[in-house]
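Letters A, B, ... mirror the listed sequences (proteins, then strands); counts begin at 1.
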Number of protein chains: 2
Amino acid sequence: MAEDKRGGGDDGDAGGRWPTVRGRHAAAARATSRDVARAAGVSQATVSLVMGGKWRGRVSEPTAEAVRAAARELDYRPNLAARNLRLGRTRTALLVVPALTNEFFAGVYTGAARVAAEHGVGVVLYPSPEGTGPARDPFASARATLDGVIASSMAADALSDLREGGLPLVMLDSDPDRTDAVATVNLDIADGMRQVTEHLLALGHRSFAHIAADIDSWTFRVRARALADAVRATAGAAVVRTEPAAMTVAAGLRAAERALTGPGPRPTALICDDDILAAGACKAARRLGLRVPEEVSVTGFDDLSLATAVEPELTTVRLPAEAVGAAGMRALVAVLDGQPATTTTVPVELVTRGTSGPHDDAARPGGQTRRGARREASVG
Amino acid sequence: MAEDKRGGGDDGDAGGRWPTVRGRHAAAARATSRDVARAAGVSQATVSLVMGGKWRGRVSEPTAEAVRAAARELDYRPNLAARNLRLGRTRTALLVVPALTNEFFAGVYTGAARVAAEHGVGVVLYPSPEGTGPARDPFASARATLDGVIASSMAADALSDLREGGLPLVMLDSDPDRTDAVATVNLDIADGMRQVTEHLLALGHRSFAHIAADIDSWTFRVRARALADAVRATAGAAVVRTEPAAMTVAAGLRAAERALTGPGPRPTALICDDDILAAGACKAARRLGLRVPEEVSVTGFDDLSLATAVEPELTTVRLPAEAVGAAGMRALVAVLDGQPATTTTVPVELVTRGTSGPHDDAARPGGQTRRGARREASVG
DNA sequence: CGACGCTAGTTATACGTAAAACCGGGATAG
DNA sequence: CTATCCCGGTTTTACGTATAACTAGCGTCG
């Protein structure tokens, strides 16, 4: 029974089910579906049917149970490489994130993994290598190992490889008019920045500095634009300075120092693109002898754990990272199942904490009511 | 020429190289090595030899170039699932980390990825799911998709699955007398904690509190033991309180509050198992009106970016995360190549910053010279 | 009573690659 | 002059799985 099709020798002889351990380190050879079939006295096809769960009406219950028992006995695990080859798909998605340290993406992963698990999909993570990483080839031939990709727009350097892979691509927080993505999940970043700005405007601030991430990504372009729009809507308000900074505390500190000591009226509020930068900005203010928030307000973005680690705690915009990851994975699973992809926008929420306060006009004379008073009003 | 072995119909006919697009979303079918062979006028085996780089002395240069040209033309990428099945290995390693947010593991990944790239090995990341995650099955059948695993001892809940996978396992920062790991990479945690303690002892501190991570992991057990050993070596010194805390700023804050306000002599130094806890401890001290480091010293562990985000900046122990990841990957690659595995210990380094200072005995009377004076000396 | 359908399987095949085994012909050594 | 070796390939096979196609036996219905 089913003893043909094998070269011979290695097969029917007793005296050792695992004739040769081919592995380099003495690892036991895994049982295959054929081994299970032999042990259960059925054909390999039957094993495949039973293990695949498609045996209803095809295999009798006693036989199925015998197969399951044999599988258990031999500790059978289907060989994924073979299955992937046979099926031409893997039910595995790749999540591409810009940097592991970014807490936001940890949340994205969590949300994506949850939804993936609900649909029997696996997730592997690929942190975009810093600079021109050599580890790019996951994409080069990834097609056989992956069914789809979810990528953050911040992982810019990996995107060209992604495109070439020919895999369905869900973009997170990306330019909506990309044509190569099958779906896009966007955070309502513009609304978040608008809320921050209006919050500060309501506190009486009119003179702002923007501590901006120096990353060329859609999400940061949107922040800058939304800030400009919100400020423009209020007469007498202005962004008096924009200082770019790398995404570190030290860079945020230096940028804020520049913003606070440069020529022209000193801004009363520092709007930062990220909590990391905001933490640096707070340090800079204190280093200059300015109290936060009494003399200068600072706002962050993202609501990382850092936001409550510093003192005072940061006023910031909470991004529901898990919702983003979940929506991304839902979109990808839909595409994988042949359904039309949907583009989602996830709302964000202003979190008011200790670094933003009312601006007391009397505290310090400055040119924040007259728009043209920028020159000649140096406070430095 | 090599036109047999195919069912028929789909094969030799002209009029469309991609007869049916089987993919659900209109994706172009990938060219296979057979397609390349046909285009180059050679056999599939020749294509495999050329693409595999093993053609020296087997294929003439003109033929090889023709194959390469055809491959380029058709945008050929080898099907990884087929290759994995054929070779029985994948040259892919899995890195299991406890949590994505932990910056330390981002460094571990970076180091591991660098070494992996040097050896043509890919790395995928698996963050151990929080709690009883459902996404565990990557290990269940991972054998066909992975060649080896590098796991942090903190990813405790995933370890049982890992063991079952039968894959070579390199443990990071784990109990050295594990028998199921082929290699272990340890940080000299004990030395780090010894350095911290001796630093504080040299500053005059004698009464310590240990803000301890509430995770049952080798690394934290070692920290507690090394702290106890170092303190015991100095007459008159004692750990007057040990407060466990989850790994969050808020939990660190509460634990430090308990440590500073409990009965008995108030400790003059808070030794924290992690920078996160140390940040919370600093907040607690300030909240109680105690200046850091003048009235209470605080030390962290790990040297995360958080350490320089807070003020004052944290005295802490720098863990060379990249070196750990690199050593782990080196050990795994060695095992994969059949070489004996080596166990490594990576040194750590004390970083003295702003949260540790000399203890001025006069600043505050307390029972830190007499060991038995714990009772009746409440400072509350 | 024969065709039919259902049950419970089996046999055969394909997925795409790597590599072992084979092979024709020219150069070369004995 | 012939046996051998090397060059430059080709043919063939196997990896382990999923599934389409087939089949033997049996009850059933027209």
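Taking atom CG of B/Leu49 as the reference point, atom C1' of C/dA21 lies 13 Å away to the nearest angstrom. If you take CZ of B/Arg56 and P of C/dA19, they are 14 Å apart, rounded to a whole angstrom. The distance between atom CZ of B/Arg30 and atom C1' of C/dC15, rounded to the nearest whole Å, is 16 Å. Note: CZ (A/Arg83) to P (C/dG16) measures 18 Å, nearest angstrom. Protein atom CD of B/Gln44 is 14 Å distant from nucleotide atom P of C/dA20, rounded to whole Å. The nearest whole Å value for the distance from the CG atom in B/Leu87 to the P atom in C/dC15 is 19 Å. A/Met51 places its CE atom 10 Å from the P atom of D/dT17, with the value rounded to the nearest Å. Atom pair A/Asn79:CG and D/dA14:C1' shows a separation of 13 Å (rounding to whole Å applied).
For the OP1/OP2 pair of C/dC15 and a distance below 4.0 Å, the side-chain nitrogens and oxygens of B/Thr32 include no atom meeting the criterion. A sub-4.0 Å separation between OP1 or OP2 of D/dT11 and a side-chain N or O of B/Ser43 is absent. Put simply, A/Thr63 has no side-chain N or O that comes within less than 4.0 Å of OP1 or OP2 on C/dA8. Between A/Ser60 and C/dT7, a side-chain N or O to OP1/OP2 separation shorter than 4.0 Å is absent. Put simply, A/Ser48 has no side-chain N or O that comes within less than 4.0 Å of OP1 or OP2 on D/dG16. For the OP1/OP2 pair of D/dT10 and a distance below 4.0 Å, the side-chain nitrogens and oxygens of B/Thr46 include at least one atom meeting the criterion.
In this structure, CG in B/Leu85 is found 6.0 Å from CG in A/Asn79, a value given to the nearest 0.5 Å. To the nearest 0.5 Å, atom CZ of residue A/Arg91 and atom CZ of residue A/Arg83 are 11.0 Å apart.
A pairwise comparison of heavy atoms in A/Thr90 and A/Asp147 identifies N-OD1, 3.0 Å as the closest pair.
Scanning atom types as modelled, one donor and one acceptor separated by under 3.5 angstrom connect the side chain of B/Arg58 and the base of D/dG9.
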Return all side-chain donor-acceptor pairs below 3.5 angstrom for residues 47-56 of chain B, not counting sequence neighbours, or 'none' if the list is empty.
{"unit_1": "B/Arg56", "atom_1": "NH2", "unit_2": "B/Gly53", "atom_2": "O", "d": "2.4"}

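Proximity of B/Thr110 to B/Arg114: side-chain heavy atoms (C-beta onward) are nowhere separated by under 4.5 Å.
Taking the nucleotide of DNA chain D with the nearest heavy atom to each of B/Pro62 and B/Leu85, the more 5' of the two is matched to B/Pro62. The 5' end of DNA chain C is approached more closely, in terms of each residue's nearest nucleotide, by A/Gly57 than by the other of A/Ala45 and A/Gly57.
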